[in-house]
Amino acid sequence: MRSRWQRKAVITLLILGLLLPFGIKADDDNDEEAGVTEEQTEGEEEDAEEVVYATPKALPNAYLMETFDDIAAFDKTWIKSKAKKDDVDENISKYDGVWAVEAAERMALTGDRGLVLKSKAKHAAIAAPLKKPFVFSNKPLVVQYEVNLQNGQDCGGAYIKLISAQKGRVDLKNFHDKTPYTIMFGPDKCGNDFKLHFIFRHVNPLNGEIEEKHAKRPRDKIEEPFKDKKSHLYTLVIRPDNTFEISLDHEVINSGSLLEDFTPPVNPPKEIDDPEDFMPEDWDEREKIPDPEATKPDDWDEDAPMQIPDPVAEKPSGWLDDEPEMIPDPTAEKPDDWDDEMDGEWEAALITNPKCADAPGCGEWKPPMVDNPEFKGKWRPPMIDNPNYRGKWKPRKIPNPDFFEDLEPFKMTSIDAVGLELWSMSDNILFDNIVVTDNVAEAYQFAQETFDLKVMKIEKGQAGVFRRIINYSNKNPWLYGIYVLLVAIPVVLIFSFCCAEAKDSKEDKDAERKKTDEPSPDDPQPEQHKEDSSLNAADDDAPGSGNEAVRCARGAVVPGPCSCGD
């Protein structure tokens, strides 16, 4: 019963699956006859879903606000580096990576452009000056920009550098990897190491030396932006109270203090180990020592083996000492194309010796190895507490001559420009909407007018797929019947399976009783059989006695019709 229902359901689904393509093709043919092309239909739907974008107005407090929408303004502002890297082979030392201003490859807003690193496996550098140097004083620094790894990222960075101010404006034509920067911020990846850098260069107030300080790793995972080929917004906020926040797509993923959450720390320790202090020769750091009064026992045999042949083992009866376990295959023949000079002397493959099949063993018999009760190993004296133990030696502490305490690491070197100095194994990396400001609200407003519209575009595109399905189904109402069937068939299958299982189970049990003569609920109990055993056998077999079915099932000849069934 169940199999028939299942076969009908499968056949129905197959027929529906075959009809669906023909229906869609017929609808497409109707659209073509009406002069409506697929491109026109999609174009109309996309126009209806279009997110309106306009280049944002200049931010009042921005030191740099770049949308890359104005190509003429870009050519005047951004400077491509003509420098060379030091200590690198001449063939790869040039900054010859290719930059272009163009729209995103996927889900681009109309009129929106970005700066794209077109080349891979090449050094590339480009920079733009700020309107005026940013001086760290009593206002926060806000750095925000978008990155779209349009082809993903295998190995390379997509970070930006905030170039340190110098006497006069920085020569951006000579921007290279050793150009001093104040902050480096942004994503970087190589292999399975995903990073979101925040590095600032701290100036030692005592000697003027510069040391890089690396922020702790984000508490959240940051792998997705390297894989999904979408635009992502990176925001860094550093406040005058020495706190910082890093956000990814408006979500804070890292925060902390410039004084506490960087490696190495900004301030060195007050005390250090005395470099001229050495451990005295008589200083004993051993907690335990061998007992000097212990002696090896006279009966201790260090040469006794760990295992010995079992002295009580006996060779099994019937052991074939002269028969090898493996013999050459007597049926093997040397191949006709075997060349002794080329292939060496031919030997038949080895097979198990058939004479050993019924024997307990073949070949030389050796008793099994057992643990040696006399084995003790190398003698060592027991360990005792060291009476001369003085603890672990440590050098004495002295004041750190290089100690300083900078309680305002926020006051970093002023910033004069923003630069991209990169090397990547992936191409088509798109940068967009870079802003440097001292106003968090401005940066958020700028993101609403740029990045948030891209997110809206993607969401509308996802909703558009569902809407296109609805529109197509409205033009083809018969599809709704298929949808109903596709939902109803599994329900019917489950219902029929359960019901058929119960019914088939009863029929199967009845048939089983007929075949095996198993008692049914209406059959007499064993006590009744005992009482009725004295009845005449002829009466039992008489027509109308009620035992025709039982006799027939047993193969007996019964007078009158037999209703045993098939």
Side-chain angles (χ1 to χ4, degrees), residues 63 81 83-88 93 95 123 125 127 129-130 133-141 143 157 159-172 174-186 188 195-217 236-244 246 254 256-277 395-423 436:
Y63 292 75
S81 175
K84 292 184 179 180
K85 290 176 69 74
D86 296 335
D87 305 324
V88 177
S93 65
Y95 283 93
H123 296 289
L130 302 183
F134 179 91
V135 179
F136 293 86
S137 57
N138 59 354
K139 291 186 177 181
L141 170 68
V143 183
Y159 43 78
I160 64 175
K161 290 182 177 180
L162 305 184
I163 302 170
S164 300
Q166 303 173 10
K167 293 181 180 180
R169 301 309 297 260
V170 178
D171 180 12
L172 299 182
N174 196 39
F175 175 43
H176 55 88
D177 59 320
K178 292 184 174 61
T179 299
Y181 68 88
T182 300
I183 292 173
M184 189 174 89
F185 170 62
D188 189 14
K195 296 179 180 179
L196 180 51
H197 290 296
F198 171 25
I199 304 170
F200 75 92
R201 285 156 54 95
H202 180 261
V203 180
N204 187 314
L206 296 181
N207 53 29
E209 292 182 356
I210 296 177
E211 188 175 38
E212 290 184 352
K213 310 296 181 180
H214 295 251
K216 65 182 181 181
R217 283 183 172 268
L236 170 65
V237 180
I238 313 174
R239 297 185 174 87
D241 63 356
N242 300 315
T243 61
F244 74 92
I246 298 175
N254 199 0
S257 168
L258 301 178
L259 288 167
E260 300 173 359
D261 299 302
F262 282 76
T263 305
V266 169
N267 295 310
K270 291 183 179 181
E271 292 184 328
I272 61 172
D273 294 336
D274 186 354
E276 297 181 358
D277 188 20
R396 63 175 174 265
K397 295 289 186 178
I398 62 172
N400 183 0
D402 298 323
F403 173 74
F404 62 84
E405 190 172 33
D406 180 1
L407 298 180
E408 296 181 308
F410 171 77
K411 293 183 177 180
M412 307 175 192
T413 305
S414 300
I415 299 167
D416 191 47
V418 171
L420 300 167
E421 190 268 318
L422 304 169
W423 182 91
V436 178

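Heavy atoms only: backbone and side chains are in, while hydrogens, waters and symmetry mates are out.
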Taking the side chain as every heavy atom from C-beta outward, state whether His176 and Asn174 have any atom pair closer than 4.5 Å. yes
Taking the side chain as C-beta and beyond, is there a heavy-atom pair between Asp416 and Leu130 under 4.5 Å? no
Nearest 0.5 Å, please: how far is CZ in Phe136 from CZ in Arg239? 14.0 Å
Do Leu162 and Phe185 come within less than 4.5 Å of each other through their side chains, counting heavy atoms only? no
Are Leu196 and Ile246 close enough, and set up right, to give a side-chain contact (heavy atoms from CB on, under 4.5 Å), and what steps lead you there? CA-CA 9 Å; Leu196 180 51; Ile246 298 175; 3.6 Å; yes
All heavy atoms of Lys139 vs all of Phe134, minimum pair found to be O-CZ, 4.1 Å
May I ask you to test the Ile183-Met412 pair for a side-chain heavy-atom distance under 4.5 Å? yes
Minimum-distance pair of heavy atoms, taken over all atoms of Ala417 and Pro129: CB-CA, 3.9 Å
Hits for side-chain contact (heavy atoms from CB on, under 4.5 Å) against Asp274, two or more places apart or cross-chain, chain-then-number order -> Glu276, Asp277, Arg396, Ile398
Side-chain heavy-atom pair Asn204, Asp402 within 4.5 angstrom cut-off: no
Near Lys216 NZ, under 6.0 Å, is it more than 12 heavy atoms from other residues, nucleotides or ligands? yes
Without swapping roles, check the side chain of Thr182 against the backbone of Thr413 for a donor-acceptor pair under 3.5 Å. yes
Can you name the side-chain contact (heavy atoms from CB on, under 4.5 Å) partners of Lys411, sequence neighbours left out? Glu408
Specify the closest pair of heavy atoms between Tyr95 and Ala83, including all atoms of both residues, with the distance to one decimal. CD1-O, 3.3 Å
For residues 258-273, dump all side-chain donor-acceptor pairs below 3.5 Å to protein atoms at least two apart in sequence or in another chain.
residue: Asp261; atom: OD2; partner: Ser257; partner atom: N; Å: 2.7
residue: Asn267; atom: OD1; partner: Asp406; partner atom: N; Å: 2.6
residue: Asn267; atom: ND2; partner: Asp406; partner atom: O; Å: 3.2
residue: Asp273; atom: OD1; partner: Lys397; partner atom: NZ; Å: 2.9

Please enumerate all residues that pass side-chain contact (heavy atoms from CB on, under 4.5 Å) together with Arg217, with sequence neighbours excluded. Asp193, Lys195
Among Val170, Ile163, Leu420, which residue satisfies the side-chain contact (heavy atoms from CB on, under 4.5 Å) criterion with Phe175? Ile163
Please identify each residue that fulfils side-chain contact (heavy atoms from CB on, under 4.5 Å) with Ile199, with sequence neighbours left out. Tyr181, Met184, His197, Glu212, His214
Is there side-chain contact between Gln166 and Pro180, with at least one heavy-atom pair below 4.5 Å? yes
With a 4.5 Å cut-off on side-chain heavy atoms, are Ile415 and Val436 touching? no
Contacts of type side chain to side chain donor-acceptor pair (under 3.5 Å), residue Asn138, not counting sequence neighbours: none
Any non-hydrogen side-chain atom of Val237 less than 4.5 Å from a side-chain atom of Thr243? no
In sequence, state the C-alpha distance, the side-chain angles, and the governing distance for Asp241 and Phe410, and then conclude on side-chain contact (heavy atoms from CB on, under 4.5 Å). CA-CA 7 Å; Asp241 63 356; Phe410 171 77; over 6 Å; no
Counting N and O atoms only, with roles assigned by atom type, does the side chain of Ser93 sit under 3.5 Å from a partner on the main chain of Lys85, one being a donor and the other an acceptor? no
d(Thr179 OG1, Asp171 CG) to nearest 0.5 Å is 9.0 Å
